[in-house]
Amino acid sequence: MSKHIQAVRGMNDILPDVTPRWRFLEDTVRKLFDAYGYQEIRMPIVEATELFKRSIGEVTDIVEKEMYTFADRNGDMLTLRPEGTAGCVRAGIQNGLLYNQTQRLWYSGPMFRHERPQKGRYRQFHQIGVETFGLTGPDIDAELILMTARLWKQLGLADAVQLQLNSLGSSEARAAYRAILVDYLRVHHAQLDEDSQRRLESNPLRVLDSKNPAMQELIAAAPKLSDHLDEESRQHFTELCALLDAAGVAYTINPCLVRGLDYYSKTVFEWVTDKLGAQGTVCAGGRFDGLVEQLGGKPTAAMGFAMGIERLVALLEEQTMPLRDYQPHAYFVLLGEQAQREGLLLAERLRDAVPGLRIESHCGGGSFKSQFKKADRSGAALALILGEAECEQHTLGIKPLRAEGEQLQLAQHAAAAWLRDYLEQNQYEQEQSSGSV
RNA sequence: GUGGCUGUAGCUCAGUUGGUUAGAGUCCUGGAUUGUGAUUCCAGUUGUCGAGGGUUCGAGUCCCUUCAGCCACCCCA
């Protein structure tokens with residue numbers, strides 16, 4: 001075993017038994033974004049290290065100890081992207097997408113963080129993200145949340161996730177509150193546990209999120225972020241809540257919801273589940289009105305979110321939701337050299353004549369028995385049979401493998417029409433069990 | 001980065017206080033049925049016991065190191 005080269009720790013192969021769930025999720029998401037007028041953008045996986053330092057924040061865990069950073073052959077410092085927002089903003093600025101215009105963008109792909117692997121957390125993981133630019137009001141915040149709520153319904157996960165909301169206020173208000181909080185925490189420094197003493201330096205707002213029971217009294221008595229919001233942010237948040245109420249989306253306001261990345265301001269939200277162990281956040285985002293300017297663009301309002309594909313796929317697994325199947329409709333059994341040659345070509349003609357038909361052709365010979373066994377394992381509903389007799393008579397055997405019914409022999413020229421009818425008749429059934437939209 | 005648990009066939013797992021040649025199920029292949037698949041029966045293949053070192057006459061079993069997986073902390077999607 002040790003001689004075999006293994007995958008890098010925390011970087012997983014996604015095997016055929018789970019790829020149908022990935023495709024279901026990805027197909028559903030793509031259609032959803034189309035329905036809301038969002039456009040896809042694809043960015044490089046590698047960016048200048050500086051980009052992440054300036055956007056995510058120098059003192060965050062991600063930048064301090066989790067980035068895959070290396071010097072390329074020119075000595076430039078590059079980093080495998082740990083998240084998508086920074087690259088998206090960079091691409092928007094560089095290509096003039098954010099200048100005096102609005103954008104609604106989405107992307108998907110792998111992200112990299114050097115953390116200890118755990119359930120729902122990997123070193124290479126995948127996110128689907130959405131970023132909007134140039135839209136300042138709570139209406140776009142609400143649109144994004146409504147869009148995700150619709151997605152959970154389409155995925156059959158609506159009962160598995162809950163929405164948490166908070167407002168961090170403008171970056172000025174947040175900075176002012178941060179100073180007040182730090183003053184308070186310093187006074188009680190002796191009562192802080194080890195983690196919180198560290199957070200006091202790195203991300204003081206996170207102290208409020210501590211799970212340590214011994215800290216709860218201190219936290220409860222701390223100054224509240226909600227009491228220090230600027231008027232505009234307060235108004236913005238109130239309107240967002242009203243929009244969500246009107247749309248019938250349930251939420252919990254969580255004053256401790258802080259988000260780890262420096263660039264967030266005003267609205268932040270998380271969709272969480274209790275079905276995934278410690279990694280309960282399945283989708284999270286917020287407003288980052290300052291980031292575009294911080295990266296050298298014109299001041300531009302922005303709001304976005306990202307969801308973790310592995311976590312959503314794991315949730316889909318929990319739900320045992322029926323999936324659209326990608327199995328072949330028919331498995332082509334071929335006995336004899338002539339049949340192997342002719343069958344390959346006949347299969348091509350059938351695929352030409354019947355769009356959407358999925359035929360798996362047997363390769364490699366073998367007995368009828370073993371070929372039928374493979375036909376059965378393939379999940380196909382039909383076996384198409386071409387042996388010596390069929391070749392001679394220009395016929396084709398069709399045997400149902402999943403339903404009652406006798407094998408029938410058709411003239412080869414009639415096969416395409418028969419299969420087209422078969423697909424039509426079974427289409428309704430297909431869609432019912434597909435779960436796709 | 002810290003801690004706990006676990007590594008035996010492709011997969012799921014037995015393997016006694018250390019004792020000869022490491023087992024079962026499943027999967028796969030062939031046959032019973034030489035042109036017909038979820039059943040049944042028969043036969044067959046499967047291993048650096050995660051890796052390296054140590055103790056011992058003898059290690060899958062005990063000790064150390066290391067790697068990997070899982071779970072939790074931290075952090076985050």
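Values below: every heavy atom of this structure, side chains too, minus hydrogens, waters and symmetry copies. Chain naming here is simple, since letters A, B, ... match the order of the sequence lines and numbering starts at 1 in each.
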Could you give the distance separating [M] and [N] at their [atom1] atoms, to the nearest angstrom?
N	M	atom1	value
B:A68	B:G15	C1'	23 Å
B:U16	B:G31	C1'	39 Å
B:G58	B:U20	C1'	10 Å
B:C71	B:U55	C1'	33 Å
B:C64	B:A59	C1'	15 Å
B:C62	B:C5	P	14 Å
B:C73	B:C63	P	29 Å

[X] vs [N]: side-chain N/O to OP1/OP2 distance below 4.0 Å:
X	N	answer
A:K373	B:C27	no
A:Q118	B:C71	no
A:R199	B:C75	yes
A:R206	B:C76	yes
A:R9	B:G69	yes

task = Among B:U2, B:C67, B:C75, find the nucleotide with the atom closest to the side chain of A:Q6.
result = B:C67
So what's [N] paired with, Watson-Crick or G-U wobble, going by both distances under 3.5 Å?
N	value
B:A14	none
B:C70	B:G4
B:G52	B:C64
B:U33	none

task = Kindly check if the number of other-residue, nucleotide or ligand heavy atoms within 6.0 Å of CD (A:Q409) is above 12?
result = yes
Write out a two-atom table: protein N or O, nucleotide N or O from nucleotides 32-35 of chain B, distance below 3.5 Å.
unit_1: B:G35; atom_1: O6; unit_2: A:A389; atom_2: N; d: 2.8
unit_1: B:G35; atom_1: N1; unit_2: A:E390; atom_2: OE1; d: 2.8
unit_1: B:G35; atom_1: N1; unit_2: A:E390; atom_2: OE2; d: 3.3
unit_1: B:G35; atom_1: N2; unit_2: A:E390; atom_2: OE2; d: 2.7

Give one of base, sugar-phosphate or nothing for [X], where a contact means two heavy atoms less than 4.0 Å apart.
X	value
A:G277	sugar-phosphate
A:K399	base
A:G84	nothing
A:Q279	base
A:A375	nothing
A:R198	sugar-phosphate

Grab the [atom1]-[atom2] distance between [X] and [N] for me, whole Å please.
X	N	atom1	atom2	value
A:R123	B:C75	CZ	C1'	13 Å
A:D17	B:G10	CG	P	18 Å
A:R402	B:G37	CZ	C1'	8 Å
A:D13	B:A68	CG	P	15 Å
A:R377	B:U39	CZ	C1'	12 Å
A:I128	B:A77	CD1	C1'	11 Å

query = If you take atom types as modelled and just measure distance, does the side chain of A:R116 reach the base of B:C74 with a donor-acceptor pair under 3.5 Å?
reply =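 No, the side chain and the base share no sub-3.5 Å donor-acceptor pair.
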key: Any donor-acceptor N/O pair, A:S196 side chain to A:L192 backbone, under 3.5 Å   = no
ask   = Any donor-acceptor pair under 3.5 Å linking the side chain of A:N166 with the backbone of A:L257?
value = yes
task = Answer yes if the side chains of A:H329 and A:N426 hold a donor-acceptor pair under 3.5 Å, and no otherwise.
result =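 Checked: A:H329/A:N426 side chains show no N/O donor-acceptor pair below 3.5 Å.
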How are the rings of [X] and [Y] set to each other: parallel, tilted or perpendicular (split at 30° and 60°)?
X	Y	answer
A:Y36	A:Y38	perpendicular
A:F33	A:W106	tilted
A:F112	A:Y68	perpendicular

task = Please determine if A:R358 and A:E360 form a salt bridge, counting it only when a charged side-chain N lies under 4.0 Å from a carboxylate O.
result = no
ask   = Is A:R30 salt-bridged to A:D27, going by a charged N under 4.0 Å from an acidic O?
value = yes
message = For A:S210 and A:K374, find the nucleotide of RNA chain B closest to each by heavy atoms; which residue's nucleotide sits nearer the 5' end?
response =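 Closest to the 5' end, via its nearest nucleotide, is A:K374.
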inquiry  = Both A:M11 and A:Q127 contact RNA chain B. Which one's nearest nucleotide lies toward the 5' end?
reply    =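 Residue closer to the 5' terminus by nearest nucleotide: A:M11.
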task = Over all heavy atoms of both residues, which pair between A:K119 and A:Q279 is shortest? Give the atoms and the distance, please.
result = O-OE1, 3.3 Å
